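These numbers were taken from a predicted model, which means no experiment stands behind them.
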Amino acid sequence: MSGTGVGIGQRPENGKQRFVKLLWTGIWLVYLSAPANDLLHGGHSPGVRLLGLIGLAAFVTWYMLLVFRTGRGERNRVVLASLGVLAAQSTVLALTLGREWLVLFVYVSIASGAALPLRMARWTIPAASALMTVIALLTPGGKAFLAGLLIPALLGGFAMTGVRELVRTTIALREARATVAQLAANEERLRLARDLHDLLGHSLSLITIKSELAGRMLPGHPDKAAQQVADIEQVSRQALVDVREAVSGYRRPRLAAELAGAKVALTAAEVAAELPAEPDLSGVPEDSETALAWALREAVTNVVRHSGARRCTVELVRRQTLDGPVLELSVEDDGSGDKGNAPGHGLTGLTERLTKAGGTLEAGGSRHGFRLIARVPSAAITAHVGSGT
């Protein structure tokens with residue numbers, strides 16, 4: 001716990017916490033008024049009073065050290081040894097000075113509940129109470145005090161275990177909340193990284209290709225070069241919009257738009273494209289469509305940038321599988337740029353997207369080149385959506 005608050009079983013970490021814990025612990029020392037009153041008015045000799053005062057001071061000092069220095073990392077056997085010292089002091093003082101000193105066993109019981117975990121305190125608290133009962137029966141007049149001390153010893157000790165467990169649970173919840181917040185931040189960071197990779201990879205590849213085309217066309221066909229420059233400006237503006245949407249978390253690409261963009265990118269790269277007609281996505285979950293749109297963008301970007309392909313075929317079909325109806329996107333090229341390579345950041349991020357949408361990804365070399373297959377859940381419609389022409 002932070003700030004000025006410090007819980008049972010926690011070691012103070014700063015001056016304010018030490019003061020608060022000292023004040024909180026010192027309140028309960030008022031019940032030592034019975035032993036103190038016995039020292040002053042019990043008719044003891046000066047030597048006995050001095051020894052009793054020393055014993056009481058030693059008990060209070062040991063008790064305060066135990067309560068203050070106990071922390072979650074303290075070894076239980078050290079705490080048990082400290083409780084044994086307290087119990088021994090209580091026994092000696094009660095047997096030598098009288099029944100008024102039996103109240104010290106209540107502090108032993110409470111210290112057990114405050115300093116030990118529940119699995120151990122459930123045995124030490126009854127043990128301290130039982131020892132108090134035995135000493136009370138051996139002390140003249142102690143039996144009359146037993147009823148007034150036994151219940152506080154038991155209830156006070158187990159109440160401390162409850163408070164300790166409550167503090168422990170509160171700390172665990174705070175730590176869990178901090179962990180959840182960190183995980184959420186990491187997830188958002190990964191989402192942003194995936195979006196920027198996919199968005200900028202596609203847009204920059206298209207800009208690069210169109211810039212090369214414009215450079216080649218400029219000497220002989222300035223009008224066509226100007227059209228390519230206009231396309232570059234349009235792609236750049238759209239990329240800027242996409243990045244802003246990705247940063248704000250609203251970027252949800254649509255499959256129809258990505259199919260149109262794929263045709264433009266493939267054509268600009270002089271890759272013969274076979275694409276399906278505009279798909280009917282009625283009943284398809286939005287997350288599924290978004291995941292396939294990202295898959296298409298990543299696949300086409302890889303074809304344009306890495307494959308060296310001359311032909312690319314895109315198919316989109318509905319299939320019925322053992323796991324239910326799925327919408328399957330297939331992108332195959334006749335190049336060899338990605339064949340045999342390990343998955344890069346794009347395919348890794350794409351796998352994460354599809355998994356989150358309940359889908360799967362297959363990517364690898366095929367008979368003609370490289371093939372990527374993405375599947376996502378769809379509505380239970382068996383109609384053919386589209387195929388290569």
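- Using modelled atom types, no side-chain atom of E328 and backbone atom of R375 make a donor-acceptor pair closer than 3.5 Å.
- Chaining together hydrophobic side chains whose heavy atoms lie under 4.5 Å apart places L50 alongside I54.
- Hydrophobic clustering (side-chain heavy atoms under 4.5 Å, transitive across Ile, Leu, Val, Met, Phe, Trp, Tyr) groups L138 together with L146.
- In this structure, R49 places its CZ atom where more than 12 heavy-atom neighbours from other residues, nucleotides or ligands lie under 6.0 Å away.
- Taking a cutoff of 4.0 Å between a charged side-chain nitrogen and a carboxylate oxygen, E286 and R254 qualify as a salt bridge.
- Hydrophobic side-chain contacts under 4.5 Å tie L155 into a cluster, directly or through other members, with I151.
- Linking ILVMFWY residues whenever their side-chain heavy atoms come closer than 4.5 Å, directly or via other members, leaves L118 and L116 in distinct clusters.
- Note on E165 versus R122: no salt bridge recorded, every NZ/NE/NH1/NH2 to OD/OE distance being 4.0 Å or above.
- The closest donor-acceptor contact from the side chain of T355 to the backbone of E352 lies at 3.5 Å or more, if one exists at all.
- Between the OG1 atom of T313 and the CG atom of D334 there is a distance of 8.5 Å, given to the nearest 0.5 Å.
- For K143, the salt bridge (Lys or Arg N to Asp or Glu O under 4.0 Å) criterion is met by no residue, not counting sequence neighbours.
- There is a path of hydrophobic side-chain contacts, each under 4.5 Å, that joins L104 to V60.
- Hydrophobic clustering places V134 together with I125 (ILVMFWY residues linked when any side-chain heavy atoms are closer than 4.5 Å, directly or through intermediates).
- Using a 4.0 Å cut-off between charged nitrogen and carboxylate oxygen, R311 and E332 do not count as a salt-bridge pair.
- For T321, the side-chain contact (heavy atoms from CB on, under 4.5 Å) partners are D323, V326, not counting sequence neighbours.
- Under the salt bridge (Lys or Arg N to Asp or Glu O under 4.0 Å) criterion, E212 pairs with no residue at all, not counting sequence neighbours.
- Closest heavy-atom contact between E100 and P35: O-CG, 3.7 Å.
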Worked verdict on R216 versus E270 for salt bridge (charged side-chain N to carboxylate O under 4.0 Å, His left out): CA-CA 14 Å; R216 292 199 301 265; E270 299 181 352; 3.6 Å; yes
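- In this structure, the side chain of S129 does not engage the main chain of L150 through any donor-acceptor pair within 3.5 Å.
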Could you list the donor-acceptor pairs under 3.5 angstrom formed by side chains in residues 81-96, with sequence neighbours left out?
residue : atom : partner : partner atom : Å
S82     : OG   : V78     : O            : 3.0
S90     : OG   : L86     : O            : 2.9
T91     : OG1  : A87     : O            : 2.8
T96     : OG1  : V92     : O            : 2.6
T96     : OG1  : L93     : O            : 3.4

